[in-house]
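Reviewing the structure listed below.
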Amino acid sequence: MQRSVAKNLLKRNVINHQTLPKIALSDKSITENRYRQMDVLDKFVDENPINHRHPNAVSVTSSSSGSGSRNQMIMNKIIRAPCDVFINHRGTDTKRTMASLLYDHLYRLKFRPFLDNKNMKPGDKLFEKINDAIIGCKVGVLVFSPRYCESYFCLHELALMLETKKKIIPIFCDVKPSELGVINNGSIPQKEVERFNLALDEAKYTVGLTFDSQKGNWSDVVTNAANIVIQSLMEVEDH
């Protein structure tokens, strides 16, 4: 997976052998040196830092001015949005584990993930901030968990992502897809229940990751999820 990420970056001219000459991409080199996606992307961004005079600009150097302009244009497309990955989760279940670990991992890779407690500040209007982030994002990560469906906010975010045709990546953390269903104690209007169930049905039948926190390795699942997010962002940019 790490190899395919790097190859995709090369294919899209986000990085090339001129702008990133020290990164070896052969199967043998990757195996021997255990390059991870963080090594590839961190090295690229370190050598071609974000222009701090404008948060949406990237300085890219190249031996060819034409190639440099193209690289800069592609990188600007990828990172210019305030949020490119929205992490939908139930805080009581996964905020301190899956959600925060994935946020930190993506942030290290210079992406712009959205996580409520990381991106929101006192005075922000809750629905406005969340809705704007979802509408502006390119990929949504759905961290399903045992108490996910008890949260109106989780279900609203899920429904909005599907209604706005975002690419979604489900992660079933300590829960099976068949166990997910809207729990209505009478506080949710029937129209909203139908909206949420429709979104859940679509998400449950979308291929994603499954993770058992009692048996699995957190580092592995976060790395796998980040790889899928990166591939998905590349696919979104291709369309």
Side-chain angles (χ1 to χ4, degrees), residues 1 83-103 105-106 111 113-117 126-127 130-131 133-236 238-239:
M1 181 65 76
C83 158
D84 45 24
V85 183
F86 187 95
I87 302 175
N88 164 251
H89 70 293
R90 181 68 199 273
T92 55
D93 288 341
T94 58
K95 187 180 296 295
R96 294 185 179 182
T97 52
M98 180 69 74
S100 288
L101 290 170
L102 181 58
Y103 175 94
H105 192 88
L106 291 170
F111 291 101
F114 183 96
L115 189 63
D116 51 12
N117 68 314
L126 192 58
F127 275 104
I130 288 174
N131 290 354
I134 291 172
I135 292 168
C137 80
K138 300 167 186 174
V139 173
V141 177
L142 313 173
V143 185
F144 291 115
S145 57
R147 299 182 62 187
Y148 178 97
C149 292
E150 296 176 15
S151 168
Y152 179 91
F153 284 102
C154 287
L155 295 169
H156 167 73
E157 292 167 6
L158 165 63
L160 185 57
M161 274 189 265
L162 292 172
E163 289 161 358
T164 52
K165 308 297 182 183
K166 303 301 179 183
K167 183 170 180 73
I168 59 170
I169 302 168
I171 302 175
F172 300 97
C173 187
D174 294 327
V175 69
K176 297 177 181 178
S178 60
E179 296 172 336
L180 296 170
V182 178
I183 300 172
N184 186 16
N185 56 10
S187 61
I188 305 175
Q190 186 58 34
K191 188 174 181 180
E192 289 286 82
V193 172
E194 294 172 3
R195 174 180 176 241
F196 295 159
N197 274 323
L198 192 65
L200 268 176
D201 285 342
E202 184 172 343
K204 287 192 294 186
Y205 293 103
T206 300
V207 177
L209 297 174
T210 59
F211 181 69
D212 183 338
S213 62
Q214 300 299 315
K215 301 177 182 178
N217 182 289
W218 285 107
S219 178
D220 288 346
V221 71
V222 169
T223 300
N224 289 340
N227 281 335
I228 295 170
V229 167
I230 293 170
Q231 294 287 4
S232 297
L233 286 170
M234 295 293 184
E235 291 170 7
V236 169
D238 278 338
H239 293 300

Which heavy atom of [X] sits nearest to which heavy atom of [Y], and what is that distance?
X: Leu162; Y: Ala199; result: CD1-O, 3.2 Å
X: Asn185; Y: Ser187; result: OD1-OG, 2.6 Å
X: Ala203; Y: Phe172; result: O-CZ, 4.1 Å
X: Leu233; Y: Asp84; result: CD2-O, 3.8 Å
X: Ser219; Y: Asn217; result: N-OD1, 2.9 Å
X: Pro113; Y: Leu106; result: CG-CB, 4.0 Å

Side chain [X], main chain [Y], donor-acceptor under 3.5 Å:
X: Lys166; Y: Cys137; value: yes
X: Ser151; Y: Arg147; value: no
X: Lys204; Y: Leu180; value: yes
X: Thr164; Y: Met161; value: yes

Distance (rounded to the nearest 0.5 Å) between [X] [atom1] and [Y] [atom2]:
X: Leu142; Y: Phe86; atom1: CG; atom2: CZ; value: 10.0 Å
X: Met98; Y: Ile87; atom1: CE; atom2: CD1; value: 10.5 Å
X: Leu155; Y: Cys149; atom1: CG; atom2: SG; value: 5.5 Å
X: Glu202; Y: Leu198; atom1: CD; atom2: CG; value: 7.0 Å

Between [X] and [Y], is any pair of side-chain heavy atoms under 4.5 Å apart?
X: Val143; Y: Tyr148; answer: no
X: Val141; Y: Asn88; answer: no
X: Ser145; Y: Asp174; answer: no
X: Leu209; Y: Ile228; answer: yes
X: Tyr103; Y: Asn117; answer: no
X: Leu126; Y: Phe153; answer: yes
X: Thr97; Y: Trp218; answer: yes
X: Phe196; Y: Ile188; answer: yes

Task: Audit row: Lys95, Asp116, side-chain contact (heavy atoms from CB on, under 4.5 Å) steps and yes/no - done: CA-CA 10 Å; Lys95 187 180 296 295; Asp116 51 12; 2.7 Å; yes
Open item on the list: Taking OH in Tyr205 as the centre, count heavy atoms belonging to other residues, nucleotides or ligands within less than 6.0 Å. Is the count above 12?
Closed with: no
- [ ] Decide side-chain contact (heavy atoms from CB on, under 4.5 Å) for Asp93 and Cys173; before the verdict, give the C-alpha distance in whole Å, the side-chain angles of both, and the deciding distance to 0.1 Å.
- [x] CA-CA 9 Å; Asp93 288 341; Cys173 187; over 6 Å; no
- [ ] Check step by step if side-chain contact (heavy atoms from CB on, under 4.5 Å) holds for Lys167 and Glu235.
- [x] CA-CA 10 Å; Lys167 183 170 180 73; Glu235 291 170 7; 3.4 Å; yes
- [ ] Take Thr94 and Phe144 through the side-chain contact (heavy atoms from CB on, under 4.5 Å) test and state the conclusion after the steps.
- [x] CA-CA 9 Å; Thr94 58; Phe144 291 115; over 6 Å; no
Open item on the list: For His156 together with Phe127, are the ring centres under 6.0 Å from each other?
Closed with: yes
Task: Side-chain ion pair, Glu192 and Arg195, N-O less than 4.0 Å - done: yes
